[in-house]
Amino acid sequence: MGRFRAVGVGVASLSVAALSAACMSGGDKDAKVDAARAKASNMAAAASEKKAETQVAAKAKANELGQIPVIMYHRIIKNPPPGDDRTPEQFRAELERLAKEDYVPITAAEYVTGKIGIPAGKHPVVLTFDDSSPSQLTLDGMGNPKPDTAVGILMDVAKKHPGFRPVATFYVIRDLFGMSKPEEQTQVLEWLKDHGFDIGNHTHDHLNLLGKPEKEVEEQIASGQKMVTSLIKFSPVTLALPYGNQPHDKKWAMKGSSAGTSYDFRGVFLAGYTPAPSPYTKDFDPVGIPRIRSKEKVGDCVKFCSTAWLDWLNANATDRFTSDGNANTVAFPKFKAPFVAAPFAAQALPY
Ligand SMILES: [Zn+2]
């Protein structure tokens, strides 16, 4: 029965094809000529569009294979102890510098998925905050961020610098911005989501995963994932490793499951100590993406923290990511072409 039906369909489509070939009249020929003309003019339009895109990219000195700073922040507090915390003034000054130097924030999720939609001539920067401390975000009774928190400062700087997007990624742990009730935890995560912020997984208990068995690594990451997904409709697409330490097999951090919750990240972030490669290059390795500590040039930060690296990126513009303003293309000077990653080859716009 099945075979008979298949044969029947074959005969039917054959006769339709034969009929249309036999009926080719003068009118059909004209239609064919018109179609060919339309195709040629579409191709010409595409070629001239590509030429225009190339000119825009060259004018912007676009280099979408260049490096991107992913800056790592912890607490934003007055009188911080020695370490990674920053004062509100230091944080504001760094944001002001980024705005003045034509950086536009994108989220970690946008970065790892290559969705970098910023204007021509601008440079992406990823702002990341670890450990979900109240100094990063505390909401008042009306749901407005307190002005001296990281989010309050970021929104204020963005208001003064149009085009400086107030977005960032928050790598959360079980201390959810100091909130203990699930309702309050939902309020703060929901607020972040509603305002275009990105929420990342920083594990549940912030244990050092170095040397831990696979089962425990997966349990820590999966329960961090569950914590977020059980409070709001949002699934983190990136992870930041506590202390930047990778587990024995670094792939355990990327994909796994525990107690019915699974995770499959698009990127895993470390703690140190260089700018990150463009997601469009062969150098991009989602299993271990470097970040930069926010700090002035003191101690080992003379070379390896944010002030030093922002100075370096300014001095080495051909190594820095500069956008062509077109999210559908990956534009770069022709010379850099061998570095394009295969998944983005079709979007390549060398000039
Ligand atoms: Zn941490």
Side-chain angles (χ1 to χ4, degrees), residues 69-77 80-88 90-91 94 107-109 111-112 125-138 149-151 154 168-180 185 188-189 192 197-212 216-229 231 234 236-248 250 252-254 256 258 263 265-274 276 286-295 299-301 304-306:
V70 179
I71 306 181
M72 176 179 74
Y73 298 97
H74 286 81
R75 294 183 302 172
I76 305 297
I77 52 171
D84 284 347
D85 297 329
R86 310 249 71 197
T87 67
Q90 288 169 330
F91 178 59
E94 185 150 271
T107 66
Y111 162 69
V112 296
V125 59
V126 184
L127 308 174
T128 65
F129 295 85
D130 287 13
D131 308 346
S132 44
S133 104
S135 72
Q136 295 166 359
L137 178 59
T138 296
T149 59
V151 170
L154 174 56
T169 297
F170 289 85
Y171 286 108
V172 302
I173 55 172
R174 66 179 179 192
D175 305 313
L176 279 171
F177 304 96
M179 296 297 155
S180 50
Q185 295 174 339
V188 71
L189 291 183
L192 285 171
F197 289 90
D198 180 31
I199 298 157
N201 187 328
H202 196 36
T203 77
H204 191 265
D205 300 315
H206 205 274
L207 305 179
N208 184 352
L209 301 180
L210 186 72
K212 293 273 190 303
E216 193 175 351
V217 170
E218 295 197 356
E219 195 272 326
Q220 274 297 312
I221 298 171
S223 55
Q225 198 75 356
K226 178 105 195 253
M227 179 181 73
V228 175
T229 58
L231 291 167
F234 183 89
V237 301
T238 62
L239 172 88
L241 291 161
Y243 314 101
N245 284 336
Q246 294 180 302
H248 174 70
K250 54 190 179 183
W252 295 347
M254 199 72 178
S258 177
Y263 56 89
F265 296 118
R266 297 292 299 271
V268 173
F269 287 83
L270 308 171
Y273 49 87
T274 63
V287 175
I289 303 166
R291 292 190 289 169
I292 299 167
R293 286 158 64 201
S294 170
K295 209 173 180 69
D300 62 342
C301 283
F304 299 117
C305 302
S306 59

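Side-chain atoms are counted along with the backbone in the values below, which use heavy atoms only and exclude waters and symmetry mates. Counting starts at 1 for both ligands and their atoms, following the listed order. If you read the sequence from its start, that first residue is 1, and numbering goes on from there.
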Quick check: are there more than 12 heavy atoms from other residues, nucleotides or ligands sitting under 6.0 Å from NZ of K212? yes
Please report the closest heavy-atom contact between L189 and F177, naming both atoms and the distance. CD2-CE1, 4.3 Å
CE/M227 to NE2/H204 distance, rounded to the nearest 0.5 angstrom? 5.5 Å
No waters, cut-off 2.8 Å: how many protein N, O or S atoms are close to the Zn ion (ligand 1)? 3
Roughly how far, to the nearest 0.5 Å, is the CD1 atom of I292 from the OG1 atom of T274? 7.0 Å
Please report the closest heavy-atom contact between V125 and I71, naming both atoms and the distance. CG2-CD1, 4.0 Å
About how many Å separate CG of N201 and CZ of F265, when rounded to the nearest 0.5 Å? 4.0 Å
